[in-house]
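Remember, it's 1-based here, ligands and their atoms both numbered in the order they're listed. Keep in mind that this is a model prediction, so the values were computed, not measured.
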Amino acid sequence: MLIDLRSDTVTRPSAAMRAAMAAAPVGDDVYGEDPTTTALEERVAALLGHEAALFTPTGSMANQLGVRLLVPPGQELLCDDDAHIVRAELGAAAAVSGITTRTWPAVDGRVDVDRIARLMRPAAGPYFVSTAAVVVENTHNFGGGTVQPVEDISRLREITAGAGVLMHLDGARLWNASAASGVPLSDYAGMFDTVSVAFSKGLGAPVGSVLAASTDRIVEARVWRKRLGGGMRQVGILAAACLYALDHNLDRLAEDHARARRLADLVATAAPGSVNPSRVQTNIVVFEVPDAARVVAGCREQSVLIGALDARHARAVTHLDVDDDGIELAGKVLGEVLARG
Ligand SMILES: Cc1ncc(COP(=O)(O)O)c(C=O)c1O
């Protein structure tokens with residue numbers, strides 16, 4: 001049996017989720033007639049404390065629609081240099097929307113409010129690129145599942161609001177941030193102008209993200225989604241999986257977090273120095289390794305799949321398809337492989 005810890009995106013829909021998908025009432029969502037998709041959008045907007053929301057096929061599309069709404073072509077967004085939006089969306093902000101990006105150096109992906117304040121150049125006139133928006137990722141994926149402190153976001157919001165700079169939240173794993181910190185989803189999301197959340201990660205749905213914002217912005221996002229080829233027809237069949245995930249998979253995220261911590265504890269005992277368990281905040285564990293490709297290959301030989309973040313860092317992500325026994329086994333294998341050096 002393979003224990004797949006490469007990402008929380010590898011989950012497969014359960015039989016009950018598939019049954020919910022099969023039973024979903026559907027209509028043509030490009031005509032605004034899909035009741036299940038509309039129900040999901042309304043539910044997520046309310047959960048996040050925004051007026052409206054829009055279903056998208058991917059988190060990348062939700063992020064890209066969000067920044068497109070906030071940043072005019074030729075202006076810039078700021079994000080950290082490990083953000084998914086700048087590292088893993090294949091230059092979409094520039095290639096699709098004419099947006100330039102400047103970054104601050106990420107330490108565990110944490111928001112660095114003072115540095116952002118220094119980087120911002122709103123309304124920079126005809127000589128420099130003007131800063132239109134800041135992107136925050138919460139939890140931070142490549143940073144190791146880092147939860148952004150709500151006080152930092154609130155201070156950032158004050159500074160950006162004073163400067164007329166807008167804010168987008170990449171909340172692909174906002175569910176995990178809220179579960180770990182106890183901060184309600186809407187407290188985080190309400191501080192942002194646009195927010196993306198994903199269902200195809202820790203929540204276990206096969207497909208789907210949602211962008212939340214004001215009603216006016218969502219009207220515009222709907223136009224851009226269609227323009228980019230993301231207008232879908234009887235998509236309630238997918239939205240039903242997301243509704244199912246909210247009902248059944250949200251309250252269990254703390255289990256994934258406890259398992260990530262357990263994995264880190266096991267590996268720290270077998271291979272001291274490779275991971276600091278106290279830094280594991282959610283469902284992502286980053287290991288410092290001498291040679292990530294070798295560690296990944298060594299684990300694969302023993303049926304444990306993890307990923308390489310770069311040459312010196314490997315990543316394991318817990319999720320609803322890995323149980324306690326799987327974690328014990330993965331911890332043993334990883335510990336042995338890392339102890340070998
Ligand atoms: C933080 C973060 N944002 C956005 C995305 C993009 O999601 P998708 O793969 O659905 O485009 C991911 C994907 O892993 C992610 O980790």
Side-chain angles (χ1 to χ4, degrees), residues 4-13 40 44 48 54-68 77 79-93 95-96 101 103 106 108-111 134-148 153 167-180 185 188-189 192 194-212 221 224-225 228-230 232 235 238-239 241-242 245 253 256 260 281-286 305-310 313 315-319:
D4 193 345
L5 297 169
R6 287 171 301 165
S7 173
D8 47 10
T9 57
V10 301
T11 56
R12 295 191 175 89
L40 175 69
V44 174
L48 299 180
L54 184 73
F55 187 72
T56 62
T58 64
S60 299
M61 187 184 276
N63 277 342
Q64 291 304 324
L65 290 175
V67 296
R68 156 135 224 141
L77 64 83
C79 65
D80 75 85
D81 62 9
D82 251 346
H84 191 279
I85 206 158
V86 70
R87 275 193 67 191
E89 296 180 15
L90 308 189
V96 179
T101 303
T103 57
D108 298 336
R110 266 190 66 165
V111 162
V134 175
V135 175
V136 172
E137 189 173 313
N138 195 17
T139 66
H140 199 291
N141 179 355
F142 301 133
T146 313
V147 178
Q148 305 290 358
I153 312 266
M167 301 218 307
H168 172 73
L169 172 61
D170 178 351
R173 295 183 183 79
L174 188 64
W175 323 107
N176 300 79
S178 175
L185 293 162
Y188 274 126
F192 291 83
T194 51
V195 179
S196 67
V197 288
F199 293 87
S200 57
K201 303 186 171 77
L203 291 192
V207 175
S209 279
V210 166
L211 178 74
W224 273 101
R225 183 187 65 174
L228 295 172
M232 297 171 286
V235 71
L238 299 179
C242 303
L253 288 176
D256 293 343
Q281 292 182 288
T282 56
N283 67 331
I284 299 178
V285 192
V286 175
L305 306 185
I306 60 169
L309 279 183
D310 58 37
H313 294 94
R315 184 188 74 163
V317 188
T318 57
H319 53 75

Which part of N63 is near ligand 1, with near meaning a heavy atom under 4.0 Å away: side chain, backbone, both or neither? side chain

Can you tell me the protein heavy atom closest to atom 8 (P) of ligand 1 and the distance? G59 N, 3.5 Å

shortest atom 3 (N) of ligand 1-to-protein heavy-atom contact is with D170 OD2, 2.7 Å

Which of the ligand 1 atoms, numbered from 1, are nearer than 4.0 Å to a heavy atom of T58: 10 (O), 11 (O)

Side chain H319, main chain L203, donor-acceptor under 3.5 Å: no

How long is the straight-line distance from CE of M232 back to CZ of R225, given to the nearest 0.5 Å? 5.5 Å

Charged N to carboxylate O under 4.0 angstrom, R173 versus D8? yes

Proximal atoms of ligand 1 relative to R173 (non-hydrogen, under 4.0 Å): 1 (C), 15 (C), 16 (O)

Distance from D170 atom CG to F192 atom CZ, nearest 0.5 Å? 10.0 Å

Compare M61, H84, H140 and give the one whose heavy atom is closest to atom 6 (C) of ligand 1. H84

Any T318 side-chain heavy atom under 4.5 Å of T282 side chain: no

Quick check on contacts: which atoms of ligand 1 are under 4.0 angstrom from a heavy atom of E137? 1 (C)

Within the 4.0 Å heavy-atom shell around S60, which atoms of ligand 1 are there? 6 (C), 7 (O), 8 (P), 11 (O)

Between N141 and ligand 1, find which residue part has any heavy-atom pair under 4.0 Å and reply side chain, backbone, both or neither. side chain

Report yes or no: do H168 and N63 form a side-chain donor-acceptor pair below 3.5 Å? yes

Residues D108, F142; criterion side chain to side chain contact (heavy atoms under 4.5 Å, CB included); working and verdict: CA-CA 8 Å; D108 298 336; F142 301 133; over 6 Å; no

Using a plain distance cutoff, I'd like to know if K201 has any nitrogen or oxygen under 3.5 Å from a nitrogen or oxygen of ligand 1. yes

